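From a predicted model like this one, the values you see are computed outputs, not experimental measurements.
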Amino acid sequence: MITYLAIPIIFLVGYFIVKKYNTQAVLLAAGLTMIALGVVGGAEEFLPKGGKPTGSVIVDFFEVIKVIASSTLAKLGLIIMAVGGFSKYMSHIGAANAMVQVATKPLSHIQNPYLVLAMAYIIGQLINVFLPSATGLALLLLVAMYPILVGVGCNPAAAAAVVATTGCLDLGPASSAANKAAEVSGIDVATYFVSYQLMVSVIAMLVIATLHFFSQRYFDKKDQEKGVTHEFNLKSEKQRDVPKWFAFLPVLPLFLLLTFSKFGIASIKINVVTAMFISLFISMLCDFIFTRDGKWVSDSLKVYLNGMGAVFASVVSLIISAKVFVSGLSTIGFIDMLLGSASNLGFGYLAMVLVLVGIITIVTLLSGSGNASFFSFSNLAPDVAAQVGAHTAAVALPMQLASGLMRSASPVAGVIIACASVANVSPIELAKRTVIPMAGGLITVLATSQLMI
């Protein structure tokens, strides 16, 4: 009977997240509550692997947090912090802006505004591989890409809708969600990217670009019929002027990871953290060659370190809290009940993935946070995969991509709000322009994921 209490607790978690309560606090409280209920119901072993009983059940509740935090920080947490620091550093030295300028320059030569929008989405999504923050990338593109789109005749609202979706797939080794998916799948992030993400995402990107072409044209015609106009509303911020070759610096980590892997030179192995530190060293050296100012370059290391700290406070702490939440679900017996019910009802791969993706879709649309939904339920992927006889990555991938896609369709997501303010439209109106491409992308992801079973 206690097991069924997990259902109202899950709904309460969703309710409080939607009401903008601190997500980490909500997940921790829910996880510890379910662990306590599990102990009352007779559960004896609830500590994660590597944890030892302290002699007090009450202290053991908090030992759960310590064990999970220790293992997370030593592995996935360090990876995500290293990536976050490098991303901040790329923006600080102007390399990220240089990359965007180089990548978006060809757009000014295309005459059809809707073809420009479709191409802009693809270019932005490719840049997302190297600059993983959806909101951070959108803010950068609003400065470097948005004026080009409006300048060639695109409706400001349509341009903002495209910019808001450029990070929707969370691609590449730099993405925290991709790293989490790779971790639960038991593979390295380079393999996850090349062998799983890439083949599904390429098809999804083409579908989303095509849907942007038609849906933005449709909404522009509706605005014309109603006499609605949108003003260009963007205050230009001065960006650091750096050489165009700085555009290669954000690409360095991926270049190293793919070069020194089974896809290139297999005799040398480089993990994500090492690749980030090597790239940081090379970037600082390049910045010194450009500025000839050792003090500036040495001081800029603080940006990297502060970036690591910021990512811990936002993303890594969320992963730790989500793991405690899943530990509670396991202790109370909910996961075993879910898998047992699926087995009794004869649920196969597609049915189980639809259930998990459905949960993630609802939570993401209501909360505006793809990370909160994916990190909360991603640890279920290995058990579900074992139940339906699929590779864990085949279950984790649609969950991961769904969280990013639905974030770009949520009117309360930070990236939608930021882009809506620039286009002088409400977040709900902008979300209407993004929901069709994002829904099409989700259907494509679900369909193509079947190929990986």
Side-chain angles (χ1 to χ4, degrees), residues 74-90 93 95-96 98-100 102-103 122-133 137 166-167 169-206 243-287 289 304 308 391-394 396-397 400-401 404 445 448-449 451-452:
K75 298 175 183 176
L76 182 62
L78 181 58
I79 291 172
I80 294 174
M81 288 165 68
V83 168
F86 185 74
S87 180
K88 288 287 186 183
Y89 189 78
M90 288 296 97
I93 67 172
M99 183 183 184
V100 171
V102 170
I122 291 177
I123 290 172
Q125 189 68 78
L126 293 175
I127 295 173
N128 175 243
V129 175
F130 313 104
L131 304 175
S133 169
L137 174 62
T166 49
L169 293 175
D170 281 333
L171 297 178
S175 164
S176 58
N179 274 278
K180 177 62 177 172
E183 183 202 40
V184 299
S185 301
I187 55 178
D188 64 88
V189 71
T191 300
Y192 177 73
F193 172 58
V194 174
S195 300
Y196 293 93
Q197 263 195 337
L198 205 53
M199 75 174 191
V200 171
S201 298
V202 168
I203 301 172
M205 284 169 57
L206 294 175
K244 289 293 185 288
W245 58 267
F246 263 45
F248 177 68
L249 296 179
V251 184
L252 268 176
L254 182 62
F255 174 79
L256 291 171
L257 286 168
L258 296 181
T259 300
F260 300 106
S261 70
K262 68 180 185 181
F263 305 106
I265 303 172
S267 58
I268 300 176
K269 300 187 185 302
I270 290 183
N271 58 42
V272 175
V273 176
T274 304
M276 292 298 162
F277 285 136
I278 292 173
S279 301
L280 173 66
F281 174 79
I282 294 173
S283 300
M284 293 181 73
L285 182 61
C286 291
D287 200 23
I289 293 171
Y304 183 89
M308 291 182 72
H391 191 289
T392 303
L397 179 67
Q400 184 241 313
L401 296 181
V445 165
T448 52
S449 294
L451 301 174
M452 299 185 303

J.: Between Ser176 and Val83, is any pair of side-chain heavy atoms under 4.5 Å apart?
T.: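 Result no, sub-4.5 Å side-chain heavy-atom pair not found.
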J.: If we only count heavy atoms from C-beta on, is the Leu249 to Leu252 side-chain gap below 4.5 Å?
T.: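 Heavy-atom side-chain distance check passes, below 4.5 Å.
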J.: So, taking the atom named CD1 in Ile79 and the one named NZ in Lys180, what distance separates them when rounded to the nearest 0.5 Å?
T.: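 Spacing of CD1 (Ile79) from NZ (Lys180) equals 11.0 Å.
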J.: Looking at Val445 and Ala204, what are the two nearest heavy atoms and their distance?
T.: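 That would be CG2-CB, 4.1 Å.
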J.: Just wondering, do Gln125 and Leu171 contact through their side chains at under 4.5 Å, heavy atoms?
T.: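 When only atoms from C-beta onward are counted, Gln125 and Leu171 do touch, with a gap below 4.5 Å.
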J.: How close do Ala396 and Val184 get, heavy atom to heavy atom, and via which atoms?
T.: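 In this case the closest contact between Ala396 and Val184 is CB-CG2, 4.1 Å.
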J.: What pair of heavy atoms forms the shortest contact from Pro132 to Asp170, and how long is it?
T.: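 Where Pro132 meets Asp170 most closely, the heavy atoms are O-OD1, 4.1 Å.
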J.: Using a 3.5 Å distance criterion without hydrogens, assess whether the side chain of Ser175 forms a donor-acceptor pair with backbone atoms of Ala177.
T.: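 Judged by distance alone, yes, a pair lies under 3.5 Å.
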J.: Check the orientation of Tyr304 and Phe277. Use parallel for under 30°, tilted for 30 to 60°, and perpendicular for over 60°.
T.: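 Taking Phe277 first and then Tyr304, their aromatic rings sit tilted (interplane angle of 30° to 60°).
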J.: Does Ile127 form a side-chain contact (heavy atoms from CB on, under 4.5 Å) with Val100? I'd like the steps, not just the answer.
T.: CA-CA 7 Å; Ile127 295 173; Val100 171; 4.1 Å; yes
J.: Please test Phe130 against Met90 for side-chain contact (heavy atoms from CB on, under 4.5 Å), starting from the C-alpha separation and ending with a verdict.
T.: CA-CA 10 Å; Phe130 313 104; Met90 288 296 97; over 6 Å; no
J.: If I compare all heavy atoms of Gly172 with all of Ala178, which pair ends up nearest, and what's the gap?
T.: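 Between these two residues, the closest heavy atoms are O-CB, 3.4 Å.
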J.: How many angstroms lie between CE in Met276 and CD1 in Ile270, if you round to the nearest 0.5 Å?
T.: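 One gets 11.5 Å once the value is rounded to the nearest 0.5 Å.
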J.: Any side-chain heavy atom of Leu254 sitting closer than 4.5 Å to one from Phe193?
T.: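 SC-SC contact between Leu254 and Phe193 confirmed.
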J.: Can you give me the closest heavy-atom contact between Val272 and Pro173, atom names plus distance?
T.: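 Nearest heavy atoms, Val272 then Pro173: CG1-O, 4.3 Å.
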J.: Do Thr274 and Phe260 touch side chain to side chain, with heavy atoms closer than 4.5 Å?
T.: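 No - every pair of side-chain heavy atoms lies 4.5 Å or more apart.
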J.: Just checking, any donor-acceptor pair under 3.5 angstrom between side chains of Gln400 and Tyr192?
T.: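 Tyr192 and Gln400 do have a side-chain donor-acceptor pair below 3.5 Å.
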J.: Taking the side chain as every heavy atom from C-beta outward, state whether Met99 and Val251 have any atom pair closer than 4.5 Å.
T.: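 In contact.
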J.: Any chance you could measure Phe255, atom CZ, to Ile278, atom CD1, to the nearest 0.5 Å?
T.: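 It comes to 11.5 Å.
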J.: Is any side-chain heavy atom of Val194 less than 4.5 Å from a side-chain heavy atom of Leu258?
T.: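 A side-chain contact exists here, since the closest heavy-atom pair is under 4.5 Å.
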J.: Search all heavy atoms of Ala82 against all heavy atoms of Met308 and return the closest pair with its distance.
T.: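 Answer, listing the atom of Ala82 first, then Met308: N-CE, 4.2 Å.
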J.: Just how far is it from atom CZ of Phe248 to atom OG of Ser279, taken to the nearest 0.5 Å?
T.: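 Separation between the atoms: 8.5 Å.
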J.: Decide yes or no for Phe86 and Ser283: does some side-chain heavy atom of the first lie under 4.5 Å from some side-chain heavy atom of the second?
T.: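 The answer is yes; the side chains approach within 4.5 Å.
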